[in-house]
Each structure stands twice: as structure tokens, then as C-alpha cells.
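Written below as C-alpha cells is the structure these notes are about.
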Amino acid sequence: MHRLAAAMLVLLCCCCLFLATQQQQQLQPAAGGNRASPSCIPHERDALLAFKHGVTSDPGGVLSSWRRDGRHDEQDCCRWRGVRCSNRTGHVHELRLGGGGPFRPDLAGQISPSLLALDHLEHLDLSGNDLAGPTGRLPEFLGSLKNLKYVDLFGIPFYGGVPPQLGNLSRLQYLDLSNSYWLGSMNSTDLSWLLSCKRKPVAVTPEPYKEELDASGNSFHHPMVTSWFWNITSLRFLYLSSTSMYGQFPDALGDMTSLQVLDLSDIYYDYDYQDDDKNMRSMTMDLKNLCNLEVLNLKSTHLYGDVAELFRNLPRCSPNKLQELDLGWNHLTGMLPRWIGQFMSLVVLNLGWNNLTGHVPYEIGKFSNLTHLNLKRNKLDGTITEEHFASARSLQYIDLSYNALKIEISSDWQPPSTLEYVSFASCQMGPLFPGWLQWNVNITHLDISSAGIADRIPQWFSDAFSNVWFMNISNNQLNGTLPADMGSMSLLQLYLSSNKLTGQIPTLPPNLSYLDLSNNFLSGLTGHSATRFANLRELSLFSNRLTGHIPESFCKYQQLFVLDLSNNFLEGEPPLCLTEYMEVVALSNNSLSGKFPSFLQNLTNVEYLDLSWNKFSGRLPMWIGSLTSLRVIRLSHNKFFGSIPMNITNLACLQYMDLNNNKISGSLPIYLSNLKFMANTSMVGCFQALAILDSRLNSLSTVWKGQELNYGSVKRIEDTSMTSIDLSSNDLTGEIPEEIVVLDALVNLNLSRNHLTGVIPKGIGEMRSLQSLDLSRNMLSGKIPATLSNLTFLSYLELSYNDLTGRIPSGVQLDTLYAEYPSMYIGNIGLCGHPLQNNCSSERHAPKQGGLGRTEEGYGIPFFYLGLGCGFVVGTWIAFGVLLFKRNWRIACFRLSDKLYDKVYVLVATWARARQTQTD
Ligand SMILES: *[C@@H]1O[C@H](CO)[C@@H](O)[C@H](O)[C@H]1NC(C)=O
Ligand SMILES: *[C@@H]1O[C@H](CO)[C@@H](O)[C@H](O)[C@H]1NC(C)=O
Ligand SMILES: *[C@@H]1O[C@H](CO)[C@@H](O)[C@H](O)[C@H]1NC(C)=O
Ligand SMILES: *[C@@H]1O[C@H](CO)[C@@H](O)[C@H](O)[C@H]1NC(C)=O
Ligand SMILES: *[C@@H]1O[C@H](CO)[C@@H](O)[C@H](O)[C@H]1NC(C)=O
Ligand SMILES: *[C@@H]1O[C@H](CO)[C@@H](O)[C@H](O)[C@H]1NC(C)=O
Ligand SMILES: CC(=O)N[C@H]1CO[C@H](CO)[C@@H](O)[C@@H]1O
């Protein structure tokens, strides 16, 4: 007892002595005598072991060295992994246990309060571990570890409030509570603790705390909250990216003169404040005095206003230190001022995705350190000449795409820097192939699509572009043949669609993963048989002049998941290969034949299957019901016969079924309510990652509505997922099952030109999404259900040539439709009442509503209408498609990354062009 008390006393004295002599930097041996190397302090070891106890999962054995037993040196906790002790005192100073993030956390469990015993701890890094514990809250006791200077809890999925106790950490210099992953989210309505340190007496030396604050990825649900940040004027690094905030940026930002890095990027809309105006920001704050500012990232912060005004508020110091300026993805307007040249130190300048107008000032070319210039997707015009790059000695990345710019650079001009990333998509570069690009032998990314180039592919192509891995020259008028020596290039993605290329496809680079040569005049596939294409994922050769059989070599493409060979002259049976990964198989509009291809049975991931307009025949197999990923199946215009396999209703994700113009007989499948997607668009589990699929669906949505187009409904189509059942022009018999009305997400239903009998389902008014309904040319009888007038979205209705009787239901909607399609009731002798001219009392009165009944002139006139309709479809297809796509860009641009966006754009463009060729 005495000994213990004595030991305690000694310990206490040593501590006091240590504190008293701290300033003289005297080294005093720790209790226990002199040591060469520190050995850990027993109660700290116990605390660490208790921490380990709180860790329930440690698959990588990070803490395996933390052991109580074992040899003497193994007991020394200062030697344990992640633990650092003071050389002087032996106290644990650092705990460095950063893990691999949410998908590979090294440690899982909770942070034990035993850490409190480590009262000398200065550095705590537990980032990237799953240590949120059962409460999920950030532990308050951390606020008692008063010596902490560095706290990194990045990526721990905490949620809820930030405990104000953290404000007691008066020595804190670095605090990272950010959570860039989407697991959990911290919020706080009171961050006053952050300021508690400021209330200390002002130090003579620069304030030693709060230099760096990273609260990225959190949501701050009250506008007051963020204003606390702005008041910590000592901050040098402030990262608030991917947070939710609303309201203007505060003027107080302009006083944070220590700031070197300010990152407010990617502020997302706060759904508590959906009012757009509150989410919009003008650049009112005046940053002119932030002379230390090197990085300003305001990307995607909903900024609007005149770009010149904004530049006026940027630091105007001498020397100007601003190196990175990111203002992309905002709503800035106006012209770039010439005095932008004052920002001479700029290394990165991103003004892409705004609404800038006017010319690109030559001054941009004077930034000799500029490596990265992005002006993509603005409304800039004028001409870009050599002078724009005269002093651009460092430029590596240039993206001027999607502006109305004309690029006029002479073929023999050699740029002063080595370009690596070059994008002039949709700028005017042609008609000659831009020869100056050959002097930049290190281009890795080249996008000169839609650039008005009408030329042959130059001789130097394969050499000069030998390092390019991404190449997009689609939508030009390249003619002649593909170079024979392309096989040695490094291409991974090659897009040359919608040109005028002719001849055979030569041997192509073996590592290609995306190849799109669609919509050209290519005639053969010679090189392909030789190349294995082990990485090929997408192959689009649609709308060319390919003839003969689909080569067996396609079986070697083990990674392929998109194959589109539509609109060619291919014949014979498709080879029995293709891997189970396939998601898109499009073979329409060829002369392929044989039974329903049996290789499809293995393609359990296939989402889009289009065999339409071929010569396939035979019965539809029962196993079609096992292709459970199918969203789109198009088998129209073939010679399939037999009945519809009943288990087709197993396809819960199916949203587009088109079997029209076959010889399918039997009755409609029952259990239609199993088609969950058509019954409820909010079905989870069916949505896929393939943007390509959505663009295709959109293109499909233009070929329905009884082959008519209704511009007024474009808006509605894009709001819904396109869901459609088209079984028209077959030999179907029996009744329309009443159960069909559960398909309340169905937009298009076409059962016309069959032999269906019975009545129109009574509850048809429940199919609330219907926009187009065609039941014409069947043998349907009975009354038109009154509920039909409940279908408020209906914009096309066709009931002609049935045996319908009785009074036509009343409704403004139906009247409007009738005005637009006066033939929609024709050929039903028993129908009467408004809007027809025969009223219901005189039942014998034959209909005289503008058209001709079946009894008088057969089908003559309606076929003529149909012919007109088709012509109309062909003529307006492209404009309509593009209109649709344009609208969809707007949606896509907020959802997709840059790269994906380009891709969708290309796909959409090529698809539209493909259709053009098809119809030409
Ligand atoms: C403590 O010791 C380690 C290795 O023995 C050495 O690298 C480090 O610089 C020392 N630290 C101090 C503050 O002396
Ligand atoms: C920030 O500082 C300004 C001026 O010093 C003050 O008016 C404001 O109330 C402070 N904000 C907070 C949240 O304390
Ligand atoms: C650009 O301006 C057009 C027309 O004024 C507007 O519709 C569009 O939303 C603007 N784009 C951006 C990114 O602000
Ligand atoms: C360009 O960078 C170099 C090296 O970092 C630097 O010395 C020079 O001052 C910079 N030029 C300008 C105009 O800022
Ligand atoms: C070419 O680009 C690559 C990758 O961007 C880079 O590593 C390499 O240094 C560059 N070579 C030259 C000569 O600039
Ligand atoms: C390619 O197009 C250019 C410009 O339209 C034309 O002058 C040239 O004759 C064409 N060459 C071939 C092989 O078609
Ligand atoms: C949206 C959200 O997570 N809000 C939480 C913020 O933190 C408090 C606790 O401090 C919770 O009560 C809220 O639910």
C-alpha cells in the first residue's frame, strides 16, 4: 500500500517537474528509470487493449500485434502497429489506423471510451474504418482528449449531430469529419463549438489552430450552420465540397485572408429548400483581398450572373497566386473579359458547362503555366487561331467542345506544348482533316466529332495517334477506307460512326473495348476473324452494308455485352455463341433466318433483344420466360407462329413487348399482372446502369401510336418510362382478359388487327398511364366502357372496325380525340350518340361520320390513311427523335459524368443517323 502511494507520488512529481521544465526542453527520464527506447505505459496499454476489444472485425489482422501476453518486446505497446509513443515520455502520441474505406474497412466495431486514458494523444487517424458502432454517433468523449491536434475520422459512417464537446479541443489544427461516401451523413445545427477556440487570448504567433477544415459530404440543414465556418478566419484550407447549403455565399468569405484553398464545389440541392431561387447564388462576395488564394473551386455551386463581374471579385493581388479556378457547371453568362490576362499564374481554368457568350480572348493564350483549359458547352463563338495558343507552353488538356467556335489553324503549325487531351467536338474544324494535330505525338484523348470534316483519313493517322486510347471522330464526313495499319494503335475506344467510310474493316487494335463504326458504308469484316478482342465490350456496326453470315469469330469476344448489327444485309442463322454477359442484342432489319435463336437461352442478363424485321420463324420458346432481365423484346415483322408462351409474364422487368406483324395465334397471356414493371414503374431491381438502353427506349417511343406522331405528347413520353405492348397484326383470338387493367403504368397498348372477341375490359379507366390505345380491327362487341373517359393522358384512341354497340361515353377528353381522329369509331355499326351524327334512339341509322364503313367500301380508305401515316412517320422521324433526345440531354446533363454524357450523346446521335440511313 505504502509502496503504491509512493510510486504514485513519484509519478506525480515527475509530471509536475516535466511541465515546469517544458520550456527549457530538458529531458527527464520517465518514471522507471533511464531507457534507450520508450516502453509503453501500462495503463495506456490497457486502454489500447480495451480499444481492441471494441473492434469486432479485423480481417486483415491490423491489431494482431496488440497483445498482452507474449515476449517482453511484444508487450511494449509503443511497438504495436499504428501506435507511436513519445521518445521522451513513453506516452502514446499517435494512433494511425486509417483503413481502406467503406468497401474494404480494415476495422469494424466501435471506438472504445478507453481511449480517454491516452491523454497525451495528439494524432488520431481512424479514417476509412467502419467504427461508427451501434449508436452510429460520433463519440463525445473525443472532446476530452485535450492534446489532439490532428483528427481524421474521414469516411466513418457516422450520422447525426457533431458533438459540441469537440470545441474543447483547443489545439486542434486538422479535423476531417467528411464522408465522401454515401453511407451516413452528419449534420449539425450548432457548430458554435468550432468558434470556442477563437475566444482564447489572441496568440502573438499566428493562431495555431483551425488551419484546415474538411467537412465535405455532410449536410448542414440550417443556413446559420455554414456561417460558422466563414468566421474561422485563421483557416488556410476549407473544404466543403458535396455539402448541402442554401442561400448566398456570405460576404464574410472575403475576410478569410489566410485561405489558400477554398473548395465549395458540388453543392447539392437541399431538398428541404426546393425553391430554386434559394439554391441559386450570385457571386456577391468580394474575394479581392484573398491574396493567398491558390485554389478556388466553385464548380457546380449554382452560381449565376455575369462572368466578368465574377472575375472582378476574384483576388487581384500582386503577385496573383490564383492557380486553379474551377467555375464549371454553373449558369454564368456574358463574355470573358480581356483583362482575364491578369490571372497569369493560372494552371487550371475550368469554365465549362456555363452559358458564356462572345469570343475567346487571345489573352487566354498568354497563360504560360496553364496546363488545363476547359470551355466546353458554352455558347462561345468566333474563330480560334494559332494566336490563341501562342504562349501556351504548358497546355496539355484543352476542351473547347460544344461551342459555335471555328478552329482555323494551319496544317503545318506546331503547337508550343505537347497536347494530351484534345476535344473540339462540335466545333467547326473542317473540311480538311486538322493536320496540326499530327505534331502532337502524345495525344491520348481525341474528340473531334461533329466537326465538319469532309476528308479522307490522312496517311499519318496511325502514327501520329499511336498513343490515343479514346478517339471520337464520329459525325463527320470522313470518306475513303479505314487505314490498313490501325492494328498497331493503342486504341481502347474508337467511335467513327456516321461518316462515309467505305470498304472492308481492317485489322483493328486488339485491346479495343468500345468500337462503334455504325452508320457508314462499310461492307465487310475481314480483319475481325484474325483478332481476338479479348476486352471488347460494345460492338456497334449497325447501318452499314455488311453482307453474308455473322462471323463465328464473334464467339471469341468474351467480354461483349452490347452487340448491334441492325440495318445491314446479314443473312443465315446467327452463330450459336455470345456470352452470358450480353445485355443488348440488336439484330433487326437484316435477313437473318432460322428458329428463335437458341443461344439466347443462356443470356440471362439480356435486357434488350431486338430481332425485328428479319426472317425468323417457328414458335416462341417456353424458356423465354427465364430471360428475367429482359426489359425490351422486339420480334415484330418476322414469321413467328404458335401461341405466346404463357410464362412471358414471368418477365417482371419487361416494359416493351412488340410482337406485331407475325402469325401468332391463341389467346392473350393471363396473369398479366405479373408484368410488374408495367403495373408499377417504381419497381426496384429493374433499373439498369446502361444509359444506352434508355436512349434506345426513347427512340422506340416514336414508333407507336398507331404509326402516328403526336408532338403535343413529347413531354409526357419523356416523363414516363416507355412501357408498351404491341401485339397488332397477328392471329390472336379469345377475349382481352379483364386483368389487363392492372397494368397501370402501360403507356401504349396496341392489339389491333387480330381476331379478338368479347368486350373491352370494364375497368380500362384504371390504366391511368395509357397515352395510346388501339383495339381496331378485331371483333370486339358490347359497349365502350364509360371509364374510358377517365384516361386523362390518352392522346390516341382507335376502336374502328369492331362490333361495338351502344352510346359512346361522354367526356371532353374523348371529344378532343375525336376531333383529332374522326375515324376512330368507324366501322362499328352499332355505335351511336355524340359525337356521331346518329343519335341513339334511331338505332338502325348507319354511321356517317366522315369515313366509310366496312359494309360500303371495305378497307380501302383506311389503308390509304395507313399509307399516309407511314410516310409521315418516315419523314418526321429524325426531327422528332432529335427533339426528344435534346430534351433528354437536359436531364442527362445533371446525372451523368462528362465522359458518360459524351457517350450518350454519341450513341444518340449515331442512332438517330442510323435511322436516317435506314429510311433513306
Ligand atoms: C524518436 O525516435 C525515432 C526512432 O527511434 C526517430 O525516428 C524520431 O526522430 C525520434 N523523435 C524525436 C522527437 O526524437
Ligand atoms: C460571423 O461574424 C460576423 C461578423 O463578425 C457576425 O455578424 C456573425 O454573427 C458571425 N456568425 C456567427 C454564426 O457567429
Ligand atoms: C443557358 O441559357 C439558356 C437560355 O437562356 C437556358 O435555358 C439554360 O438553362 C442555360 N444553361 C445554363 C447551364 O445555365
Ligand atoms: C509558372 O510556374 C513557375 C514554376 O512553378 C513559376 O516560377 C512562375 O512564376 C510561374 N509563372 C507565372 C506567370 O506565374
Ligand atoms: C505522354 O503522355 C503520357 C501519359 O499522359 C506521359 O506519361 C508521358 O510522359 C508523355 N510523353 C511525352 C513525351 O510528353
Ligand atoms: C472525299 O470527300 C472529298 C470532299 O467531299 C472529295 O473531294 C473526295 O473526292 C472524296 N473522296 C472519296 C474517295 O470519295
Ligand atoms: C437529417 C438528419 O440526419 N438530421 C439529424 C441531425 O442530427 C440530429 C441530432 O443532433 C438528429 O436528431 C437529426 O435527425
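When a residue number appears, it is its place in the shown sequence, counting from 1. If you're wondering where the values come from, they're calculated on a predicted model, not measured in any experiment. Order of listing sets the numbers, starting from 1, for every ligand and every atom in it.
- Side chain to side chain, K379 and N403 fail the donor-acceptor criterion of an N or O pair below 3.5 Å.
- The contact set between ligand 4 and M344, taken as ligand atoms under 4.0 Å from a residue heavy atom, comprises 13 (C).
- Counting only heavy atoms, the protein gets under 4.0 Å from atom 14 (O) of ligand 4.
- Taking atom 12 (C) of ligand 6 as the reference point, the nearest protein heavy-atom neighbour is N479 ND2, 3.3 Å.
- Under 4.0 Å from ligand 3, not a single heavy atom of T333 appears.
- Heavy-atom proximity to A454, at under 4.0 Å, picks out these atoms of ligand 6: 4 (C).
- Taking a cut-off of under 4.0 Å to the non-hydrogen atoms of N330, the atoms of ligand 3 that pass are 13 (C).
- Checked by atom type, the side-chain pair N519/S543 shows no donor-acceptor distance below 3.5 Å.
- Atom CD1 of I398 sits about 4.0 Å away from atom CG of L400, to the nearest 0.5 Å.
- Under 4.0 Å from ligand 6, the heavy atoms of R456 that appear belong solely to its side chain.
- Looking at heavy atoms from C-beta onward, L259 lies in side-chain contact with L238 at the 4.5 angstrom threshold.
- Atom numbering of ligand 3 starts at 1 in the shown order; those under 4.0 Å from a heavy atom of K379 are 1 (C), 2 (O), 3 (C), 4 (C).
- When only interatomic distances are considered, the shortest N/O to N/O separation between S368 and ligand 4 does not fall below 3.5 Å.
- Nearest heavy atoms, P509 versus M489: CB-O, 3.4 Å.
- The presence of a protein heavy atom under 4.0 Å from atom 7 (O) of ligand 6 is ruled out.
- Under the 3.5 Å distance criterion, with hydrogens and angles disregarded, no donor-acceptor pair is assigned to the side chains of N499 and N520.
- Taking the six-membered ring where the residue is Trp, the centroids of Y421 and H445 are separated by under 6.0 Å.
- Among all protein heavy atoms, the one lying closest to atom 1 (C) of ligand 4 is N369 ND2, 1.5 Å.
- Protein non-hydrogen atoms do reach within 4.0 Å of atom 3 (C) of ligand 4.
- Ligand 3 places these atoms under 4.0 Å from at least one heavy atom of H331: 12 (C), 13 (C), 14 (O).
- Residue-ligand proximity, S345 to ligand 4, at heavy-atom distances under 4.0 Å covers atoms 14 (O).
- For the residue pair N289 / T257, no side-chain donor-acceptor distance below 3.5 Å is found, with atom types taken as modelled.
- Taking a 4.0 Å cut-off on heavy atoms, L332 fails to register as neighbouring ligand 3.
- Among all heavy-atom pairs drawn from S411 and W439, the shortest one is O-NE1, 3.0 Å.
- Salt-bridge formation is detected for the pair E363/R338: a Lys NZ or Arg NE/NH1/NH2 atom is positioned less than 4.0 Å from an Asp or Glu carboxylate oxygen.
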